[in-house]
Amino acid sequence: ALPLRDQLLAAAQSTDARLVPARELAIRHLAALDDPEVTAHLIVLCESRNVPQPVRAAACTRLGERTDGGDQVMSALARHAAFLEGTTTPPVGALARAAIRMEDRRAVPLLLAHLRDPGTPVEDLAALLSAIEALGDRSAADPIRDFVRLYHAEAPDEHLAAALGVALEALVALEGPVARETLEEIGADPLSIPAVSAKARALVAGLEQQTREAEEAAQQGETPEAQETPEPQETPEADEEQLPLRINAEIVRQVLAPVERELRQCLMQADGRPRSARLIIRLDGDGSIEGISITPEQVVSCVEPLVRAQSFPANRRHTSQQVVYTLRR
């Protein structure tokens, strides 16, 4: 008898039009196997134009859920449509979702190449951009900005507008306030697709709200209640000048850099997959953590242990303070 994998594959590839539901069932069971070759078979089924649409859809869905077969996914993403070479565009959207599940950053330059390729189906662009954002490679910000500036004034199209909206969100996730200039440019352009300009203005408003919250939190940290009795100085005088006057968001970013990947995974794996989390960290004068407030609640159990495991520096005044930090995926 043939191995189970081959039997399921044969059923999935059947050309009997009466067996479409059975083919979908075979794909579901095939995708349950932990075998990189299964990923390669799902890629073929997902991109095949000769199979019924329900079968293709089932294969693409299961492909996007794969957690093994990374080499097969990268090999497929490396392919582009070329008439003289007889190659076609791969199922970029499903492959992008698989790259997220595999957390494989090798996909970023390959996905950016498809973002620049006019042959990439517009229906796949939103998933492609979501994957780039989730994988968190900041070098992708400039290519995404170029994409937005190139297509934001195209004729209105549902899929393109959705992709541009995801692109703007990705810019904010990768660059934070630095993305504001681009957002304002797109939001103010009268030729922008209306939905895209509205999205840009909404993201600018969100950045402004975050800035106000950070400023208010910083002011609260300067109040007498936060300025507790200085603790005994144990730091040698020669090192005292090296201490920061206050712990700010940039210092927090540097402290959390060793666990940045794990923190982003917390956001990706939490219910609802929130795009950001707000941390209010209360630090003692010597850098020890007095307390942490984290929102949304569904990321607390994952994020808090990672933050508490890091060592924060003391501040020069040796006083307690509160710092606000926004974690993005």
Side-chain angles (χ1 to χ4, degrees), residues 93 96 100 108 111-112 114-116 118 120-219 248-250 252-253 264 267-268 270-280 294-296 298-299 324-329:
I100 295 176
V108 173
L111 291 170
L112 289 174
H114 283 286
L115 183 64
R116 300 186 187 99
T120 301
V122 67
E123 296 85 357
D124 288 343
L125 291 175
L128 182 159
L129 287 157
S130 293
I132 294 174
E133 176 188 349
L135 294 172
D137 190 329
R138 295 185 181 181
S139 66
D142 285 340
I144 293 175
R145 184 179 293 103
D146 293 341
F147 170 80
V148 170
R149 286 174 171 164
L150 181 62
Y151 292 106
H152 75 280
E154 288 290 309
D157 175 89
E158 177 185 356
H159 296 293
L160 179 60
L164 288 165
V166 175
L168 293 175
E169 292 177 349
L171 273 181
V172 173
L174 296 173
E175 293 190 317
V178 176
R180 179 166 180 168
E181 180 180 352
T182 303
L183 296 175
E184 291 177 339
E185 173 190 336
I186 301 302
D189 190 339
L191 298 179
S192 292
I193 298 173
V196 177
S197 59
K199 180 70 173 182
R201 291 192 294 270
L203 290 171
V204 170
L207 288 175
E208 291 175 346
Q209 177 65 24
Q210 291 175 11
T211 301
R212 285 194 297 270
E213 291 176 355
E215 290 174 349
E216 290 172 1
Q219 290 174 359
N248 55 30
E250 175 59 23
V252 174
R253 186 190 68 78
R264 287 179 174 170
L267 297 180
M268 293 172 58
D271 292 342
R273 296 186 64 197
R275 294 188 177 277
S276 64
R278 184 168 180 263
L279 283 62
I280 301 178
I294 304 173
T295 54
Q298 57 262 39
V299 304
V324 179
Y325 180 75
T326 301
L327 172 67
R328 304 182 188 281
R329 62 178 175 87

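All residue numbers refer to positions in the sequence shown, counting from 1.
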**Message:** Just verifying a value: how many Å separate Arg180 CZ and Thr182 OG1, rounded to the nearest 0.5 Å?
**Reply:** 12.5 Å
**Message:** Within the 4.5 Å heavy-atom criterion, are Val172 and Arg328 side-chain neighbours or not?
**Reply:** yes
Could you list the donor-acceptor pairs under 3.5 angstrom formed between side-chain atoms of residues 122-129 and any protein atom two or more places apart in sequence or on another chain?
none

**Request:** Please test Thr120 against Leu115 for side chain to side chain contact (heavy atoms under 4.5 Å, CB included), starting from the C-alpha separation and ending with a verdict.
**Result:** CA-CA 7 Å; Thr120 301; Leu115 183 64; over 6 Å; no
**Prompt:** How far apart are the closest heavy atoms of Pro274 and Val299, and which atoms are they?
**Reply:** CG-CG1, 3.8 Å
**Request:** Quick one: pull up CZ in Arg149 and CG in Asp189 and give me the separation to the nearest 0.5 Å.
**Result:** 11.0 Å
**Prompt:** Would you call Leu112 and Asp137 a side-chain contact if the rule is heavy atoms closer than 4.5 Å?
**Reply:** no
**Note, Leu279 side chain near Leu327 side chain (heavy atom, < 4.5 Å)** = yes
**Prompt:** Closest approach of Gly136 and Arg264, non-hydrogen atoms and distance?
**Reply:** O-NH1, 2.8 Å
**Request:** Among residues two or more places apart or on two chains, list those pairs meeting side-chain hydrogen bond (donor to acceptor under 3.5 Å, both in side chains) that have a residue in residues 192-202.
**Result:** Glu169-Lys199
**Item:** Over all atoms of both residues, closest heavy-atom pair of Pro143 and Arg116
**Value:** CG-NH2, 3.5 Å
**Complete:** Value for OH (Tyr151) from CG (Asp146), rounded to nearest 0.5 Å, stands at 11.0 Å
**Request:** Locate the shortest heavy-atom distance separating Val148 from Ala167; write the atom from each residue and the value.
**Result:** CG2-CB, 3.6 Å
**Complete:** Closest non-hydrogen atoms of Ser276 and Pro296, given as atom of the first, atom of the second and distance, are O-CD, 3.7 Å
Could you go through residues 155-165 and list every donor-acceptor pair under 3.5 Å that involves a side-chain atom there, pairing it with any protein atom two or more places apart or in another chain?
unit_1 : atom_1 : unit_2 : atom_2 : d
Asp157 : OD2    : His159 : N      : 3.0
Asp157 : OD2    : Leu160 : N      : 2.9

**Message:** Check this for me, if you would: do Asp142 and Arg145 make a salt bridge, where the nitrogen-to-carboxylate-oxygen distance has to be below 4.0 angstrom?
**Reply:** yes
**Shortest non-hydrogen contact from Ala277 toward Leu267** = CB-CD2, 3.8 Å
**Message:** Quick check for you: to the nearest 0.5 Å, what is the distance between Ile100 atom CD1 and Arg273 atom CZ?
**Reply:** 5.5 Å
**Prompt:** Going by heavy atoms in the side chains, are His152 and Glu185 under 4.5 Å from each other?
**Reply:** no
